[in-house]
Amino acid sequence: MAGITTENTFLIWVYDLEEKKYHHLSSTCKEIYGRDRDAFQKNPDLWKEIIHPEDRARVEKELSSVLRSGHRGHLQYRIVLPDGRVVSLFHIFLPYPEADGRVKSLECIVRVVTGHSEIADFQLADTDIFRQLAELSNEAIIIHIEKRIVYVNRAALNMFGAEKAEDMFNKNVMDFIHPDYKEVVEKRIAKALKNGEPLSLEEQKIIRSDGQEHEILVTSAPLYYMGQNAVIALAHDISLYKKSEKARKDSEQLLRQVIDLIPFMLFAKDKDGRFVFGNKAVAEAHGTTTNQLEGKTYPELVGAEPEFEQYLRDDREVIESGHTKYIPEETFTGADGEIRLLQTTKMPVKLTGFDTNCVLGVAIDITEQKKAEAQLRESEWQYRMTINAMADAIHVVDEDLKIVMCNDSFREWLNELDIDSDIDGKKISEAFPFLGPKIFEEYNKVFKSGKMLNTEETNIVEGTDIITDTRKIPIIEGGKVKQVMTVIRNITAKKRADETLKKREATLNSIFRAAPIGIGLVSERVIQTVNDRLCEMVGYTGEELVGQKADILYESEEEFERVGNVKYSLIEKEGTGTVETRWKLKDGRVIDVLLSSTPLDLKNHTQGVTFTALDITDRKQAVEALRRAMKKLEEDQQALTEKNVALREVLNQIEDEKKQIQSQIQSNVEKILLPMIISMENHLARDDVNYLEALKKSLMDITSPFINKLDSLYSKLTPREVEICNMIKNGMTSKEIARSLTISVETVHKTRYNIRRKLGILHEEINLSTFLKTL
């Protein structure tokens, strides 16, 4: 049954006029009004709407008077229950004015009565009606005289945690008040007794019998009770309400904070484009706060009309169609004038207080994403350009070991190895069948571990060993290895060079150890290493020398400094410093040393200086002996020179005698032999005459310098060749020479060939007779 009409059914409600909501509503609400408390919370004016139409004006008038005057009022009126029945109620209005006289809250006490007569007043007294009313009430009722409790109802016992009324009777009401509120309560009690007026609702705190603290909402009024002035207090435990209210506010604040922390714009707008709600991101984008945002349109905040028109069209489309709309990209001009790109989703939503649907929107700023995408495309282009520009061979494979990319260096290397470079999309095993199973194990390891793997591999390609330094680098997306980049460096030549270098190093070490001269390395003039020969020279072991300052080897500190100055000065000028010095051996002997030093790095001597040390003691002694020998040789040379002068005088004298003899022979030939030959010409045959003529010319040549000159210039000529040369010079033909010498003409020709060869005119275009006449 909706509504109970039993007389004296009783309820209390407290209403906040500013917040327009009930702070308290007794559980007997449904018994009296036929509606539950939720109906009144949703519609605070419901109690007026159910008043009988004939009584509404009178109730409104009384209520206005109470609110205007701030004094309590009461009247009897009728209500209509949901089933149509009419119930008569007696209503007491208790206003609680503020200091400025304005009534902020209103407490009402309502009970069911029968009949329709007005009740002129409502004096609470120790009557059966009062007790029934008090005991049925869910509100705590306490009456105290001079602060001594004289009456409590069951609701009060429950509130204070007492089991029976005797536990509270005659106790000081202040014993139950929290210390923080004692002074306030004392003043309120005094005020109620002095003014004779009810006090406004106020929050206080009490201490229950079990020691717990509870918050209550209390109103007090003066009362004449049991023949004395008393104070009646009506209280309602609001601890749970306060906790729930605090939890609600905390929840609302947390929700607001969460919404404001959302990095994208979250908003709601009505059909006219006015903001109903917007989070912090929306407010900041519009250059305002969340509170100032509500009720404003986009143009009122920013002023970008063209964009607003498009926004409004989209909003109304969503409201009218009732369907969600996804806008992949739209422009937004913020309060700072910067144009951004948004990705927006709009959906219809029903909000309290609006007749039609509104738009709930979520807008994500994709400006940076778009820029990033553009940069990514640019980066990918640069990445490919960079990869292609690298000298190392590079290729990338996916999880199926298919080649998805390779650079130009890799293709060029494949072409050099005579391997097909068209490998895009092919599996590693298909593109390079010569690879062993170990390679595939390495790829699987990188895909599983997500760590780079560096290996040195040797593969046989077309019968040739190819050695590579290979790095397999994981490319991770979303925490998983999606691809592997393989960077290959052909180190075949390097490995061979390293082997050669090792051999050279071994050779140098061998030379270092076996060198017949001392070799060492110093840094900052401290000995770092020495060879065995140096140790033999100075008599120290390597352990005794290494780590020691080099002055350990010198005859004196002055000599050590002199050598250093000279040596390093020469190094600065020429790159190498060579100086003679004297070293003191371990046994005390002193030797002469030729020291030559060269830095490992000409620009940084701290890297170390190598030196060679040659024991030149014996050489210096040999040089001294040589010097003495040279001196004696010079003395002997001087004596020889004097002897040569005397010998030259003897030779000159012999040459003069030789010339006299030659002149004498020439004279005898001309005076004695030539006349005899001329006389013989008249008595000989023609052939003999020719021979005789030749004999005459030979005699003339003997006395001339031709033969001597021919012998001196061409000493390789045989006597027969010299004889034939003389005949040719005198104009004899080959036949004449053959007859005269009783030889064949062919022999003469061969002899002429040999003569031309020995005279160096074999291939010259010159007559032999003419050439001989020039000598």
Side-chain angles (χ1 to χ4, degrees), residues 633 636-637 639-775:
L633 181 62
D636 294 344
Q637 181 73 22
L640 182 61
T641 299
E642 294 174 356
K643 291 179 181 180
N644 285 340
V645 171
L647 180 59
R648 189 175 298 109
E649 291 177 354
V650 172
L651 290 175
N652 288 338
Q653 184 177 356
I654 293 172
E655 184 65 25
D656 291 340
E657 292 176 355
K658 179 180 176 181
K659 289 180 180 179
Q660 290 176 3
I661 293 170
Q662 182 179 0
S663 177
Q664 195 172 27
I665 291 172
Q666 183 177 0
S667 177
N668 291 334
V669 169
E670 291 176 350
K671 291 179 180 181
I672 301 172
L673 293 178
L674 287 178
M676 291 177 64
I677 291 171
I678 292 172
S679 64
M680 290 175 65
E681 288 178 351
N682 298 322
H683 302 86
L684 296 175
R686 182 173 180 81
D687 292 337
D688 295 332
V689 170
N690 291 336
Y691 184 78
L692 189 62
E693 183 65 25
L695 178 61
K696 184 173 66 175
K697 289 182 179 181
S698 294
L699 289 173
M700 294 297 293
D701 289 337
I702 290 172
T703 60
S704 71
F706 172 72
I707 299 301
N708 294 333
K709 188 174 183 180
L710 192 64
D711 282 338
S712 62
L713 292 177
Y714 306 104
S715 58
K716 293 183 180 181
L717 293 175
T718 64
R720 174 52 63 91
E721 289 170 346
V722 171
E723 182 181 7
I724 292 175
C725 282
N726 190 40
M727 290 181 175
I728 293 170
K729 178 176 177 293
N730 292 324
M732 294 179 66
T733 65
S734 295
K735 289 182 179 182
E736 291 174 339
I737 294 172
R739 283 196 300 271
S740 298
L741 298 177
T742 316
I743 58 178
S744 67
V745 175
E746 184 179 356
T747 300
V748 175
H749 288 165
K750 288 181 179 180
T751 303
R752 289 172 68 97
Y753 176 83
N754 289 333
I755 292 171
R756 291 181 68 91
R757 179 173 58 78
K758 291 181 179 181
L759 294 179
I761 59 173
L762 181 61
H763 301 293
E764 298 290 335
E765 294 292 334
I766 185 171
N767 185 271
L768 180 58
S769 176
T770 303
F771 177 79
L772 292 173
K773 289 177 181 180
T774 61
L775 297 178

Separation of [Y] [atom2] from [X] [atom1] (nearest 0.5 Å):
{"X": "I761", "Y": "F771", "atom1": "CD1", "atom2": "CZ", "answer": "5.0 Å"}
{"X": "L759", "Y": "N754", "atom1": "CG", "atom2": "CG", "answer": "10.5 Å"}
{"X": "N767", "Y": "I728", "atom1": "CG", "atom2": "CD1", "answer": "9.0 Å"}
{"X": "K735", "Y": "I737", "atom1": "NZ", "atom2": "CD1", "answer": "13.0 Å"}

* Heavy-atom side-chain contact between V748 and M732 under 4.5 Å ->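 No; the side chains remain at least 4.5 Å from each other.
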* Look at the side chain of R752 and the backbone N and O of I724, then say whether any donor-acceptor pair between them is shorter than 3.5 Å. => no
* Asked: Does T718 offer a backbone N or O that forms a donor-acceptor pair with the side chain of E721 under 3.5 Å?
  -> yes
* Asked: Looking only at heavy atoms, what is the nearest atom pair of L741 and M727, with distance?
  ->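 In terms of heavy atoms, the two residues are closest at CD2-CE, 3.4 Å.
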